[in-house]
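Every value quoted in this text rests on a predicted model; they were computed, and no experiment measured them.
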Amino acid sequence: MSTETSYHFQVMRRALDEIDAAQEAGELLSLEGLSSRMNMSPAHFQRLFSQWVGVSPKRYQQYLALGQAKALLRESFTTLEAADAIGLSGSSRLHDMFLRWEAMTPGTYAKGGEGLEIYYGWFDTPFGESLAMGTRKGLCGLAFTSETGRDAAMEDMRSRWPAATYREDPETLSPWMEAALGNGGEAQLHLIGAPFQIKVWEALLSIPTGQVTTYSEIAGAIGNPRAVRAVGTAVGRNPVSWLIPCHRAIRKDGDLGGYHWGLPVKRALLAWESARAEAG
């Protein structure tokens with residue numbers, strides 16, 4: 001990432017944090033007020049924000065309104081059966097990103113990751129700092145730290161595969177993270193979970209960018225229509241946030257439901273994707 005790109009990245013991260021804080025307080029930030037906080041002219045900030053997010057700061061804030069989830073459910077809902085029918089499932093998912101994935105054998109998962117060497121590193125994203133983890137086969141974990149902090153995120157991720165060996169090595173993960181951030185290349189995932197969890201995560205990979213589905217739809221798509229509660233648990237245990245888009249699963253009544261890394265992050269993810277999908 002170039003020095004200029006890195007600087008713009010940090011500006012956008014700060015801007016999204018400011019917008020999210022204002023939304024929590026029920027406020028709408030003006031272009032002038034937001035650009036002033038970023039120490040930029042309104043015209044320069046508007047141009048930069050639109051370049052990164054895909055729409056204006058005002059339009060983006062509208063996507064963060066309280067009725068956003070219900071509007072998505074009404075206007076951008078996808079049934080997973082339809083998504084599967086047009087080839088959006090499995091490894092063909094992530095139309096805005098090249099992605100390959102493979103799953104670990106159930107036996108290795110059952111042993112708590114014994115014999116695995118997992119690399120980790122800290123990376124900046126448009127949604128705050130993230131903790132990335134991966135094996136030689138691809139990313140196996142992606143956590144956001146803005147709501148939990150570094151220590152809690154690390155403890156959470158390591159508890160999923162307690163018998164694995166961990167080594168800090170951001171260089172190994174960097175190409176996959178660059179691809180995830182849209183900077184070229186191919187993002188690879190290595191899914192480590194129980195068979196039922198992986199089945200749910202595969203269904204999540206079928207949800208197109210800018211759209212949402214419900215937990216009951218996911219249960220139906222994997223052939224267990226009565227397993228809504230178990231599906232919700234599996235969604236919550238998704239270790240690869242954002243790339244496996246568990247943030248796109250919401251309740252049937254339009255409520256956002258929970259999110260493992262904090263509802264502010266979930267709202268920002270949905271708003272960012274919705275805005276870019278409309279702009280595209």
Heavy-atom check, side chain of M38 versus side chain of E18, under 4.5 Å: yes
Min side-chain heavy-atom separation Y166-M133 under 4.5 Å: yes
S130 side chain vs A132 backbone, donor-acceptor pair below 3.5 Å: no
R229 atom CZ, over 12 foreign heavy atoms within 6.0 Å: no
Flag side-chain contact, heavy atom, 4.5 Å: S35 against Q46: no
Verdict with supporting geometry, L173 and F123, side-chain contact (heavy atoms from CB on, under 4.5 Å): CA-CA 10 Å; L173 308 176; F123 295 86; 4.0 Å; yes
V235 versus C246, closest heavy-atom pair with distance: CG1-CB, 3.5 Å
A187 to A179 - nearest heavy-atom pair and separation: N-CB, 3.5 Å
R37 backbone acceptor or donor facing R14 side chain under 3.5 Å: yes
Exercise: identify the closest heavy-atom pair between I244 and W201: CG2-O, 3.8 Å
Side chain proximity check, V231 to N224, heavy atoms < 4.5 angstrom: no
Backbone of W261 reached by a side-chain donor or acceptor of E147 within 3.5 Å: no
Straight-line distance of T135 OG1 to L189 CG, nearest 0.5 Å: 10.0 Å
CZ-CG distance between F49 and L16, expressed to the nearest 0.5 angstrom: 5.5 Å
Separation of W242 CH2 from L142 CG (nearest 0.5 Å): 8.0 Å
Check: T148 main-chain N/O paired with T145 side-chain donor or acceptor under 3.5 Å: no
More than 12 heavy atoms from other groups under 6.0 Å of CD on E155: no
Test item: E217 side-chain N/O and T214 main-chain N/O as donor-acceptor pair under 3.5 Å: no
same_hphob_cluster(L28, L31) at 4.5 Å side-chain heavy-atom cutoff: no
Donor-acceptor under 3.5 Å (S174 side chain, P170 main chain): no
Check: I192 and L116 side chains under 4.5 Å, non-hydrogen atoms: yes
Check: S36 side chain, G33 main-chain N or O, donor-acceptor pair, under 3.5 Å: no
Heavy-atom side-chain contact between M40 and V11 under 4.5 Å: yes
Side chain R160, main chain R237, donor-acceptor under 3.5 Å: yes
Pairwise side-chain contact, R136 with Y119, heavy-atom cut-off 4.5 Å (strictly under): yes
T213 side chain reached by R248 side chain, heavy atoms, under 4.5 Å: no
